[in-house]
Amino acid sequence: MADGKVVGAIELGGTKIVLAVGGSDGRLLKSTTVPTDHPDAVMPDVFGFFRDCGMPLSGIGVGAFGPIVIDPASRDYGKLLETNKPGWSGFDLAGCLSNTLRLPLALVTDVGAAAVGEAHLGALRDTRLGTYLTVGTGIGGAIVLDGTVMPALLHPEMGHIALQRNPRDTALSACRFHPDCAEGLAAGPAIMARFGQSLSHFDRGGAEHQLIADYLGQLCANLVLTLSPHRIVIGGGVGQTPGLIPEISAAMHRHLGGYCVGLADRTDFLTEPALGQDAGIVGALICAGQLQGAVSLARIA
Ligand SMILES: [Zn+2]
């Protein structure tokens with residue numbers, strides 16, 4: 001903790017919530033995990049952890065599952081939008097935390113927090129503009145510039161970019177919004193529905209790998225053309241299927257069609273995360289450390 005600040009962090013995930021206290025440089029001092037039950041049941045545990053941590057905190061960093069309003073200028077800042085997690089639709093996460101903990105709050109998405117962690121201490125450390133893609137039960141993405149999540153109207157939803165469907169692939173999209181988006185074609189549920197088991201059960205280079213790698217390669221090609229990031233990190237359960245990233249890289253180049261030639265000799269352009277499971281909570285600590293002129297609900301109201 002170079003600046004000596006001790007901060008709190010929350011990684012709100014779909015099945016578990018990680019709570020931590022640590023340095024604003026991302027060094028963990030203390031952490032625990034609670035299941036993501038109904039907010040009425042779980043928020044007292046969250047408050048109790050920080051109340052009993054025994055250290056004065058200068059702020060709290062939160063990486064939350066979405067969809068959530070993260071624009072501080074919005075009157076709905078910090079509220080969860082419609083989600084299938086019981087009790088969380090419409091829940092005022094930022095208001096609840098601010099009103100009880102009385103601390104400045106830095107709120108990003110769970111993917112955004114992981115991206116910040118990787119940008120400071122992991123696979124995006126030596127890049128200015130990085131993209132973090134998580135491919136698991138869904139596909140989420142975040143963009144970091146100089147170690148900070150890029151401010152935006154809504155958080156990026158790059159998992160819902162429309163792709164060119166393989167003409168022989170007649171499986172129904174697993175996304176209820178789009179017939180041909182990346183998440184609907186290549187995330188975990190789409191793989192399970194199409195193949196009956198996860199990708200790691202199939203041979204590297206086989207037809208199953210190639211189909212999913214082709215879709216994810218298309219997605220990466222779109223990100224290259226739109227953002228021109230210095231590197232794309234691919235995490236998540238599907239993303240970390242052994243052997244998949246080189247196949248995604250080959251597909252990305254195929255879909256770029258020789259365009260963006262500067263990428264051709266970059267062997268580390270697509271890479272796996274370096275921080276593993278800790279990326280999100282470490283990133284949330286760093287986000288709390290980045291608070292200056294803190295975003296608090298009192299100022300927004
Ligand atoms: Zn979609």
Side-chain angles (χ1 to χ4, degrees), residues 11-13 26 61-74 77-78 81 106-136 138-163 181-183 186-187 215-236 238-240 245 248-249 252 255-256 260 262-263 266 268-275 279-291 295:
E11 184 185 14
L12 178 62
V62 183
F65 64 74
I68 185 168
V69 181
I70 58 164
D71 178 6
S74 170
Y77 172 71
L81 302 177
L107 175 67
V108 295
T109 62
D110 46 1
V111 194
V116 168
E118 291 290 338
H120 283 257
L121 300 171
L124 295 172
R125 190 163 44 178
D126 57 347
T127 66
R128 281 202 69 192
L129 181 65
T131 302
Y132 186 102
L133 205 54
T134 178
V135 186
I139 297 181
I143 305 157
V144 281
L145 175 62
D146 294 334
T148 305
V149 174
M150 283 228 305
L153 176 65
L154 301 169
H155 50 80
E157 289 282 11
M158 48 189 88
H160 295 275
I161 289 176
L163 303 179
C181 73
E183 183 171 304
Y215 287 142
L216 297 176
Q218 283 191 54
L219 177 57
C220 290
N222 282 332
L223 297 175
V224 167
L225 296 171
T226 309
L227 297 167
S228 194
H230 292 110
R231 184 169 296 140
I232 299 175
V233 171
I234 303 179
V238 176
Q240 295 190 62
I245 287 180
I248 297 171
S249 179
M252 177 188 75
H255 284 285
L256 286 170
C260 304
L263 283 180
R266 292 275 308 277
D268 62 346
F269 180 73
L270 297 185
T271 187
E272 58 188 20
L275 300 182
I281 197 69
V282 163
L285 286 172
I286 294 169
C287 286
Q290 290 173 337
L291 280 165
V295 175

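Because the structure is predicted, anything quoted here is derived from the model rather than measured.
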Quiz item: Looking only at heavy atoms, what is the nearest atom pair of V144 and A115, with distance?
Solution: CG1-CB, 3.7 Å
Quiz item: Between atom OH of Y215 and atom CG of L163, what is the distance when rounded to the nearest 0.5 Å?
Solution: 8.0 Å
Exercise. Go through the structure and list residues passing side-chain contact (heavy atoms from CB on, under 4.5 Å) with S249, not counting sequence neighbours.
Key: H253, L270
Exercise. Given side-chain contact (heavy atoms from CB on, under 4.5 Å), test T271 with I245 step by step and report yes or no.
Key: CA-CA 7 Å; T271 187; I245 287 180; 5.9 Å; no
Practice problem: Taking the side chain as every heavy atom from C-beta outward, state whether V69 and L154 have any pair of such atoms under 4.5 Å apart. | Solution: no
Self-check item: Pair listing, salt bridge (Lys or Arg N to Asp or Glu O under 4.0 Å) test, anchored in residues 220-229, at least two apart
Solution: none
Quiz item: Where is the tightest heavy-atom contact between I234 and P273, given as atom of each residue plus distance?
Solution: O-CD, 3.3 Å
Quiz prompt | Contact summary for L219 and A182, nearest pair of heavy atoms | solution = CD2-CB, 4.0 Å
Quiz prompt | Considering all heavy atoms, the nearest Y132-G235 contact | solution = OH-CA, 4.4 Å
Quiz item: Which atom names give the shortest non-hydrogen contact between V116 and G283, and what distance separates them?
Solution: CG1-O, 3.8 Å
Self-check item: D71 vs Y77 side-chain heavy atoms within contact, under 4.5 Å
Solution: no
Exercise. State, with a plain yes or no, whether a side-chain heavy atom of T131 is found less than 4.5 Å away from one of C220.
Key: no
Quiz item: Can you tell me if E11 uses its side chain to pair, donor with acceptor, with the backbone of V282 under 3.5 Å?
Solution: no
Quiz item: Counting N and O atoms only, with roles assigned by atom type, does the side chain of H120 sit under 3.5 Å from a partner on the main chain of G147, one being a donor and the other an acceptor?
Solution: yes
Quiz item: Roughly how far, to the nearest 0.5 Å, is the SG atom of C181 from the CD1 atom of I161?
Solution: 10.0 Å
Exercise. Output all residues satisfying side-chain contact (heavy atoms from CB on, under 4.5 Å) with E157, sequence neighbours left out; order by chain, then residue number.
Key: H155, H160
Self-check item: Side chains of M158 and E183 in contact at under 4.5 Å (non-hydrogen atoms)
Solution: no
Quiz prompt | Minimum heavy-atom distance between G280 and A113, given as atom pair plus value | solution = O-CB, 3.4 Å
Self-check item: Test side-chain contact (heavy atoms from CB on, under 4.5 Å) applied to V62 - qualifying residues, sequence neighbours left out
Solution: I10, I60, A64, L93, L97, L105, L107
Quiz item: Does the side chain of V233 reach to within under 4.5 Å of the side chain of L133, using non-hydrogen atoms?
Solution: no
Using residues 121-128 as the side-chain source, report each donor-acceptor pair under 3.5 Å to any protein atom, sequence neighbours left out, with the distance given to one decimal.
residue	atom	partner	partner atom	Å
D126	OD1	R231	NH1	2.9
T127	OG1	L124	O	2.8
R128	NE	D146	OD1	2.7
R128	NH2	D146	OD1	3.4
R128	NH2	D146	OD2	2.6

Quiz item: Does E118 reach the main-chain N or O of L275 with its side chain, forming a donor-acceptor pair under 3.5 Å?
Solution: yes
Quiz item: Would a 4.5 Å heavy-atom cut-off, applied to side chains only, mark V224 and F269 as touching?
Solution: yes
Exercise. Enter the distance from I232:CD1 to D268:CG here, rounded to the nearest 0.5 Å.
Key: 12.0 Å
Exercise. Determine whether L216 and I139 make a side-chain contact, defined as any pair of heavy atoms from C-beta on separated by less than 4.5 Å.
Key: yes
Self-check item: Partner set under side-chain contact (heavy atoms from CB on, under 4.5 Å) for L225, not counting sequence neighbours
Solution: L256, Y259, C260
Self-check item: Validation row: I68, I70 side chains within 4.5 angstrom (heavy atoms)
Solution: yes
Quiz item: What is the distance from atom OG1 of T134 to atom CD of Q240, rounded to the nearest 0.5 Å?
Solution: 8.0 Å
